[in-house]
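Structure record follows, encoded as structure tokens.
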Amino acid sequence: MSVFENDAFLHHDSVHFYNDEATGLQAIIAIHSTVLGPALGGCRVVNYANSSEALEDVLRLSRGMSFKNSLAGLELGGGKSVIIPPKSWAGDPRHAGEERANLFRAFGRAVHSLGGRYIAAEDMNVSVEDAENMAQETDYVVGLDVSHGGMGDPSPLTAQGVFLGLRACVRRAFNTGELDGLTVSVQGLGKVGWDVCEQLHAAGAKLIVADIVPQTTARAAKLFGAKIVDTDAIVGVKADVFSPCARGAVINDDTIDGLNVKVVAGSANNQLSHDELGTVLMQRGIIYAPDYVINAGGVINIAPEAKGQVNHEWVREKIKKLEDTVGEIVDLAISSKRSTNEVADEIATRRILDARDAGKAWQPGFVKQPKLRESA
Ligand code: NAD
């Protein structure tokens, strides 16, 4: 398994491997950049085929967090962590019980050993309870429950940002900010997708939906008058806007030709299976809201926690600005005939490099560190 030679390693600050035999913890923490602040990014538990796959995943994700945090204007760098489930969990990444609690406490100690250069949060298969277990051992974890000084569930804020970013794209594609009468296809009616549907319905949009859980789509049909289609068909369905809110790589070499919309704007991470697909979308006249820009509401929601604060008003104001941010990226992409993801990457990178070159790179200890939470 290569590290320095791995393409995804490019520009990373450091990568840390942990092995705790007492709890079975095997984890990797990747810190892509701490120029703008401590590297904040979620921790996920995934059944990787092997440790090379885990390494590749964590490296790509941590770089993505640098871009996301930079573009959202946060004083945070980018990092991410992955945990490989122990054999005793028998392939179940959500395996519950004392064993899990002990493993997450060990992971909390690993995070703590980095002295605040990395701040963990929840990601795939990591719950608020897991974060609370990490918090037994370290202050450098966010996404805690409101009762433990946290900012609470980020999903409604993510959904609000998606709705606003989607509207910014509609304004450019259809010359109107009105969603009334437009048709939006939504893939995935989970915590974010459901809220997006609610807002779209309230704004008068017609909905076409797909989810692997039939009860959820049936509810959407009843409450929003949504048309239900197969999970395989949703990507190619004719609509004005496609909103992917389920999983990554939904736009790939096999699906891109079938897209039948003018806008792609949804919450899922890593919607394009590779960056060049952004150019293909641009050439086809489809406006794509870069995923890490439009779905930044979640990380904006936990950003105050990284400073040991709770500040819902600041979060609300910051999320309102996502409509302008997405709009400006789309305008710049159109005027410079480049893909929106390329423009977003460039703006995000420039902010990091400008701070570094101006000698303003964050140093541990230069900012207020999170306070030890008594209730944790
Ligand atoms: P979730 O698990 O609550 O919802 C996902 C939904 O997608 C579920 O209803 C699931 O049944 C459905 N689904 C799964 N596979 C599907 C398929 N093949 N076709 C159709 N539906 C399918 O997750 P969420 O928190 O709503 O997040 C949705 C996406 O947004 C994820 O990609 C996540 O990484 C991303 N995201 C979420 C947040 C947040 O605040 N929750 C923040 C940023 C990004």
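Atoms within each ligand, like the ligands themselves, are counted from 1 in listed order.
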Glu317/Lys321 salt bridge by N-O under 4.0 Å criterion:
no
Describe, in one word, how the ring planes of Phe107 and Phe104 are oriented to each other, choosing from parallel (under 30°), tilted (30 to 60°) and perpendicular (over 60°).
perpendicular
Anything under 30° is parallel, anything over 60° is perpendicular, the rest tilted; go ahead and classify Phe67 against Tyr292.
tilted
Angle between ring planes, Phe4 versus Phe9, binned at 30° and 60°: parallel, tilted or perpendicular?
perpendicular
Taking atom CZ as the centre, does Arg60 end up with more than 12 heavy-atom neighbours from other residues, nucleotides or ligands that are less than 6.0 angstrom away?
no
I'd like the residue list for ligand 1, meaning every protein residue with a non-hydrogen atom under 4.0 Å from the ligand.
Pro154, Ser155, Thr158, Gln187, Gly188, Leu189, Gly190, Lys191, Val192, Ala210, Asp211, Ile212, Val213, Thr231, Cys245, Ala246, Arg247, Ser267, Ala268, Asn269, Asn295
Might you work through the salt bridge (Lys or Arg N to Asp or Glu O under 4.0 Å) test for Arg100 and Glu129, ending with a clear yes or no?
CA-CA 10 Å; Arg100 185 181 185 92; Glu129 194 185 335; over 6 Å; no
